[in-house]
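Residue numbers start at 1 and run along the sequence shown. Order of appearance sets the numbers: ligands from 1, and atoms from 1 within every ligand. Everything numeric in this text was worked out from a predicted model, so none of it was measured.
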Amino acid sequence: MANRPIYLDYHATTPVDPRVFEAMRPYFTEHFGNAASRSHSFGWRAEAAVTAAREAVARLVGANPREIVFTSGATEANNLAVLGAARARQAPGAHVVTSAIEHRAVLDPCRRLEAEGFSVSYVPPDAHGLTSAAAVAGAITPETVLVSVMAANNEVGTLNPVGEIARVCKERGIVFHTDAVQALGKIPLDVHGLGLDLVSLSAHKLCGPKGVGALFVRAVNPRVRLDPVLFGGGHERGLRPGTLDVPGIVGFGAAADIAHAEGEVESQRVAKLRDRLWERLLGSVDGIERNGHPSLCLPGNLNVTIAGAPADAVMSNARDVAVSSGSACTSASAEPSHVLLALGRTRQEAEASIRFGLGRFTTEEEVDRAAGDIGRAVEKVRAEHPGKGRP
Ligand SMILES: *Cc1c(COP(=O)(O)O)cnc(C)c1O
């Protein structure tokens, strides 16, 4: 098994932790009840499991369990937050502030709001990918009803000062939403301590299952009102109807429990591996530069631009290393990353960028092998395309 592929794409998704899988298993088979069935023990059993998972997710982010609304993932949570909060505050000229480097699951609902008559400001980040509270404050107008700025960027890993942004919003009575998918379980996230109003979460970036997520909806100081996006049954306090994915939610709860117990130690270990990977690459690849923030960065993120080495060519010469190029995030399209362009990278540089995502099951041996494979691939690509933007 010399050529076992190395998974370094933890920002895209993560393997399900075997402990999570074991927790989920009985809820597919013997405990298959509908959590909304009130008249028999199958339903009660399922409801009890959902309640325990809701408590686990709430505990991880410092929320009250009744503030957690389960969804089909963070894409849905972002749609519910952005569309739901804006539409509940619809008025002539109503205005929304977001950042230019949000995930498409925030940017596309913002475009939808523009089609509905809202105006939206897309705040440019600084060269490290950071959106400051001052930049947000500068974009706010008397008509602003919602601000949405991510906690951690999924491409370059930059961490935003969401507590400061929340304060700017609170002073002006504006609802603040953050997409915290990448931050969850990696950095401390205390929704009440930080003063957040709406927070999107996803299980599958946390070694939980795909297809389940949650929206934190602040219930007090103030209670945040949302227009539902879906209709049909009144589940989840009327905010998200539909039969609950009980096994998925149980898995999300188990993943949250593990992150609560082990997240801090894991983040330190992963950050060390990330630093090792960067040192190895820096030592063997000339013309390599790091993207993102030098210190305010997710522990498992390393995003690099390698002069004269198109990422697609590098990746096809390093087939055992699973990483993403600077254009992979919107799966269907091959457009260069809107994030790297917003950070000031040229189109050519964005296309010569690779995102490494390290996580729970990444080992030192994998990091060393990946650095070697990528280094050799870069040499090969440069030999085949001599002179093309070389350092
Ligand atoms: C993965 C991701 C999403 C989408 O989450 P899903 O649960 O896959 O819908 C949203 N925002 C960010 C920052 C992400 O990394």
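No side-chain heavy atom of F118 sits less than 4.5 Å from a side-chain heavy atom of L146. Residues F70 and E236 meet the side-chain proximity criterion, which asks for heavy atoms closer than 4.5 Å.
Of the charged side-chain nitrogens involved, at least one lies within less than 4.0 Å of a carboxylate oxygen, so that R345 and E349 count as a salt-bridged pair. At a threshold of 4.0 Å, the pair D373-R319 does not count as salt-bridged, since none of the basic side-chain nitrogens sits closer than that to a carboxylate oxygen.
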For residues 264-271, run the donor-acceptor check on the side chains, cut-off 3.5 Å, and write out each pair with its distance to 0.1 Å, sequence neighbours left out.
residue: E266; atom: OE1; partner: R360; partner atom: NE; Å: 2.7
residue: S267; atom: OG; partner: K186; partner atom: O; Å: 2.8
residue: S267; atom: OG; partner: G263; partner atom: O; Å: 3.1
residue: R269; atom: NH1; partner: T362; partner atom: O; Å: 3.0
residue: R269; atom: NH2; partner: G359; partner atom: O; Å: 3.3
residue: R269; atom: NH2; partner: R360; partner atom: O; Å: 2.9
residue: R269; atom: NH2; partner: T362; partner atom: O; Å: 3.1

Could you check ligand 1 for N or O atoms lying under 3.5 Å from protein N or O atoms and list the pairs with distances?
residue: ligand 1; atom: 7 (O); partner: A74; partner atom: N; Å: 2.9
residue: ligand 1; atom: 7 (O); partner: S202; partner atom: OG; Å: 2.7
residue: ligand 1; atom: 8 (O); partner: H204; partner atom: NE2; Å: 2.8
residue: ligand 1; atom: 9 (O); partner: A74; partner atom: N; Å: 3.4
residue: ligand 1; atom: 9 (O); partner: T75; partner atom: N; Å: 2.9
residue: ligand 1; atom: 9 (O); partner: T75; partner atom: OG1; Å: 2.6
residue: ligand 1; atom: 11 (N); partner: D179; partner atom: OD1; Å: 3.4
residue: ligand 1; atom: 11 (N); partner: D179; partner atom: OD2; Å: 2.6
residue: ligand 1; atom: 15 (O); partner: Q182; partner atom: NE2; Å: 2.7
residue: ligand 1; atom: 15 (O); partner: K205; partner atom: NZ; Å: 2.7

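Partner of R355 under the side-chain hydrogen bond (donor to acceptor under 3.5 Å, both in side chains) criterion, out of N301, N291, D9: D9 alone.
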